[in-house]
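Below, chain A is the first sequence line, B the second, and so on; all start at residue 1.
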Amino acid sequence: MLPKTYDPQATEDRIYSMWEESGAFKADASSDKEPFTVSMPPPNATGQLHLGHAVMLALEDIFTRFARAQGKEALWLPGTDHAAIATESVVIKKIQKEEGIPDPRASLGREELIKRIAHFVSESQDTIRSQVRKMGSSCDWSREKYTLDPSLNRCVNEVFTKMYKDGLIYRGHRIVNWDPKMQTTVSDDEIEYVEEKASFYTFQYGPFQIVTSRPETKFGDKYVVMHPDDPRYEKYENGDQFECEWINGKITATIIKDKVIDMEFGTGCMTITPWHDHVDFDLAERHELDKEQIIDFEGKLLPIANEFAGMPIEEARTKIVEKLDKKGLLVSVDENYVHRVAVSYRGKGKVEPQIKEQWFIDVNKPVIEWKKKNMSLKEVMQDVIRSGDIKIIPDRFEKVYFHWIDNLRDWCVSRQIWWGHRIPVWHKEDKDSKEMHVGVQAPEGKGWEQDPDTLDTWFSSGLWTWSTLIDPALADDHSLSLQDLLDKSHDFQKFHPTSVMETGYDILFFWVARMILMTTYATGKIPFETVYLHGLIRTRDGAKMSKSDPETMIDPLDIIEKYGADALRLSMIVGQSPGNDSRLFEEKIAGYRNFVNKLWNASRFVLMTCEKEGINPHEVEGRKVEKSKSLSLADKAFLSELQFLIQDVTTGLEQYRLSEVGELIYSFVWGNFCDWYLELSKGQANCDVLVHVLRTILQLLHPYCPFITEELWASVKPDDCNILMKQLYPKANKKLMDHDAYDNFQKIIGVITAIRSIRADHGLDQGKKLEVIVHTKEHSDVLESQRDQIMRLGRLSELTIDVKPQTHEHVASMFLRGIEVHIPLEGVIDFEKEKAKLTKEKENLEKFLKGIQSKLGNKKFVSSAPEEVVTLEREKLENAQEKIKKLEERLKVLE
RNA sequence: GGGCAAUUAGCUCAGUUGGUUAGAGCGCCUCGUUGACAUCGAGGAGGUCACUGGUUCGAAUCCAGUAUUGCCCACCA
């Protein structure tokens, strides 16, 4: 016999091992079944899983288990990401802290540092693997991938080379975001802005006044820019020159007129620093102006700054202001200026724009053949969404996506860090040599050195849906082309494009967009059909959970230990809608733990009942139940409701409406199965139905709560059945859909509810005699057939069921679903109120009826709307008509 | 500056194409240990669906505007 409470701790690990050993997670590329594929967004190989991962794993596991149960060949492919900058910075910090080495890159060298990082990563990967298992994830571990695996590296090199040959990858001196702390470039998307209060200076610059918060960049400023339409500067012409006193003596300045200037801001004119500012750089490019570097890559001033050379930015700033003040060129200082400073998404260090030679992907060059047209990467990215090849859930993110693409600039893909995919470019002698080789492998001959730079981590992540499906054995064969690799890899042929990409909306641009870009280009196919974006999990107060504040952090592992993985999964799925943030706190999780336990006890009850009746649950045949002729009203009603549940759950899951479906099952199990059916079974039990319904519930719930359902399945499964996760999903049996039984059963429920309510309202003693008055013979028959149940659940010692029209003094308190229940009470009934209520109800119904009639009378509607909608309206009409009739009858009684 | 959302019970949130009396969980109040479950059961209170207009027989739902909050994007020196 099962224990009184469910103990997830004692169950989950055992069940998971059982699944793994059974091979049920493994997908078969050679099967004939329809494929269903999910690529797991690879967690960064830097440490711990957090709730964001947990929600992702829960969602994807539900998708996968459901697809599997629908008879599809389901593949959920797990893996980890090398997370270039993030990982390197974590390890460098660790070495600095633990070993006291201030600059590990310099001290250890490339080879040694990479070795250290690799070691760290492999430990971290083990942690992640075990955490993913703890969540119950049914992913195919035999196919686990890592972004630095040789076969994935091969794909990276192939794509880079192909892009280079197509002229999509180019090398150029461009302004990039330089992170002096991490000593690398970062992409536009890896930047965040933090508000900072700064001093805002106004300086005299020749005849002009300019404003800046960054005086230290102003050494090279020999251009002053203003708007061509600005009346204040009408007398100056573009190209005019003048001499003026500046930081280090006299300079010759040139006037530039350009429309980027905002006349409203500051003094309406500014000097520019093309080397250290994106806008200034663009402007300088347009007007072909000189660019000079002021700040070096360490964040210190260069010799151009004379006596300030070698100073760090912050120090130089104050000194320069002092100097300009002494020269009388400082006009004013605003100490309360708030501006936004760019910092690196990872290292949180201030980002300094710099001009550097970098590798870029051209997003505007129309060289991609897509749908028989030549398109640019940008255009393909727009087309796949616009044409509906890829659907984004929720769809409002499509707008956000388009907006992002409109603003997309060429993508800088080279990074000056060591951890990652090294760029497949070789230089003869040194980097500045003119001889260069771009290819998948190193060129023949001596003296070739590979470019020291690595690729942006999103370059390889962009290939994730398909590079993971390339056969590693083939990847070693360099006689094969990229196309060969795709054509010959069975997994790729079977499982790509993937079915759904599920991830947080916060990486829509970082990753989802890049996958679309890279995959359409490299394979000619979309990477996935549907994008499902989940929201962030926040604290009870709506704050972001952050590592720096352990109080607010909820560690999924702690929760699993305390409440079980099933409860955690439900608490993150039910009540959440895609794309919206949600809050999580322990009471919520405890609520779902209670639900899980409720299911446990319901099963216990079923098993105990079977034992009492001498029935072996394993021998119950589902089919027989469905054909049985000895079903009670409750059995029929309940089986009918179950069929509708199956239908709703299935269509809901097909449409990715996970929250709604979770709620449906929850309320069915608790509100119907436990509260009614099991209670009724205490009077008279049909074990066949009990077992059958319980099995179906376990099957339906399995994608959400895999552990407990699997555990319970073992106790109730048919003898010839395997483990639950290999079962096919239940199908609704139309023959069991019995509206009459359902309606009649609702009447019983109504009566019992009424009795309970009356008892509570009037403190009715247990065993009090009750009279139930009904108006028709049919109702009386229904109640009569369930007399025992009503008496038991209503706790009555005597019950009269009578058919008669009512006199005023007898009409009592409750009208429920067409049945009137009353007990003899002295003077508590308000007839006028009752009458008014019914009259209003009738009026509403009549209004409603009129509306539908006019709708159905409208030819336009009938001809244009889908047939189902029209029938639905007709049904509504009939229902309403019937109800009005009944109301009229009741009103007549009251008269 | 532009865009996207949110606003529903004390709290956290559902509410699929407009449809009959707006739902759930938690919390609160009353009662209850008859053998599945106190991680429970029965009953109850609590909402002008942010506000103002409009479309409609009918609006939480569609449209316009207002307010508050949040997020994203952008070159304001």
Just the rounded figure in Å: distance from [atom2] of [N] to [atom1] of [X].
X        : N     : atom1 : atom2 : answer
A:Phe397 : B:C72 : CZ    : P     : 11 Å
A:Asn177 : B:A74 : CG    : P     : 11 Å
A:Arg583 : B:U12 : CZ    : C1'   : 8 Å
A:His278 : B:C73 : NE2   : C1'   : 15 Å
A:Gln655 : B:G15 : CD    : P     : 13 Å
A:Leu570 : B:A24 : CG    : P     : 19 Å

Considering only side-chain heavy atoms of [X], which listed nucleotide, [options], is closest?
X        : options             : answer
A:Asn597 : B:A77, B:U39, B:G25 : B:U39
A:Ile261 : B:A77, B:A36, B:C75 : B:A77
A:Lys399 : B:G41, B:A36, B:C4  : B:C4
A:Phe509 : B:U39, B:U12, B:C72 : B:C72
A:Cys674 : B:A5, B:A77, B:A36  : B:A36
A:Lys218 : B:U39, B:A77, B:C26 : B:A77
A:Asp675 : B:A5, B:C37, B:G41  : B:G41
A:Met608 : B:U39, B:A14, B:G35 : B:G35
A:Arg396 : B:U39, B:C4, B:A77  : B:C4

Spacing of A:Lys588 atom NZ and A:Ser582 atom OG [to the nearest 0.5 Å]
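Interatomic distance, A:Lys588 NZ to A:Ser582 OG, rounded to 0.5 Å: 6.0 Å.
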Nearest 0.5 Å please: distance from the CD atom of A:Gln789 over to the CG atom of A:Leu680.
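Nearest 0.5 Å value for the CD-CG distance: 4.5 Å.
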Complementary nucleotide of [N], counting Watson-Crick and G-U pairs under 3.5 Å:
N     : result
B:C71 : B:G3
B:C62 : B:G54
B:G43 : B:C29

Is any N or O donor-acceptor pair between the side chain of [X] and the base of [N] shorter than 3.5 Å?
X        : N     : result
A:Arg657 : B:U16 : yes
A:Lys598 : B:C37 : yes
A:Glu660 : B:A24 : no

Is the phosphate of B:C40, meaning OP1 or OP2, less than 4.0 Å from a side-chain N or O of A:Asn594?
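Result: yes.
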Do A:Lys598 and A:Phe595 meet the cation-pi criteria used here (NZ or CZ under 6.0 Å from the six-membered ring centre, within 45° of the axis)?
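Verdict for A:Phe595: no cation-pi partner in A:Lys598.
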Do A:Asn672 and A:Ser667 meet the criterion of a side-chain donor-acceptor pair at a distance under 3.5 Å?
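Note: A:Asn672 and A:Ser667 side chains miss the donor-acceptor criterion.
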Of all heavy-atom pairs between A:Trp275 and A:Ile175, which one has the smallest distance, and what is that distance?
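Answer, listing the atom of A:Trp275 first, then A:Ile175: O-CD1, 3.6 Å.
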Checking A:Val55 against A:Leu584 for the side-chain contact (heavy atoms from CB on, under 4.5 Å) test, could you report, in this order, the C-alpha distance in whole Å, the side-chain angles of both residues, the deciding distance, and whether it holds?
CA-CA 11 Å; A:Val55 71; A:Leu584 190 67; over 6 Å; no
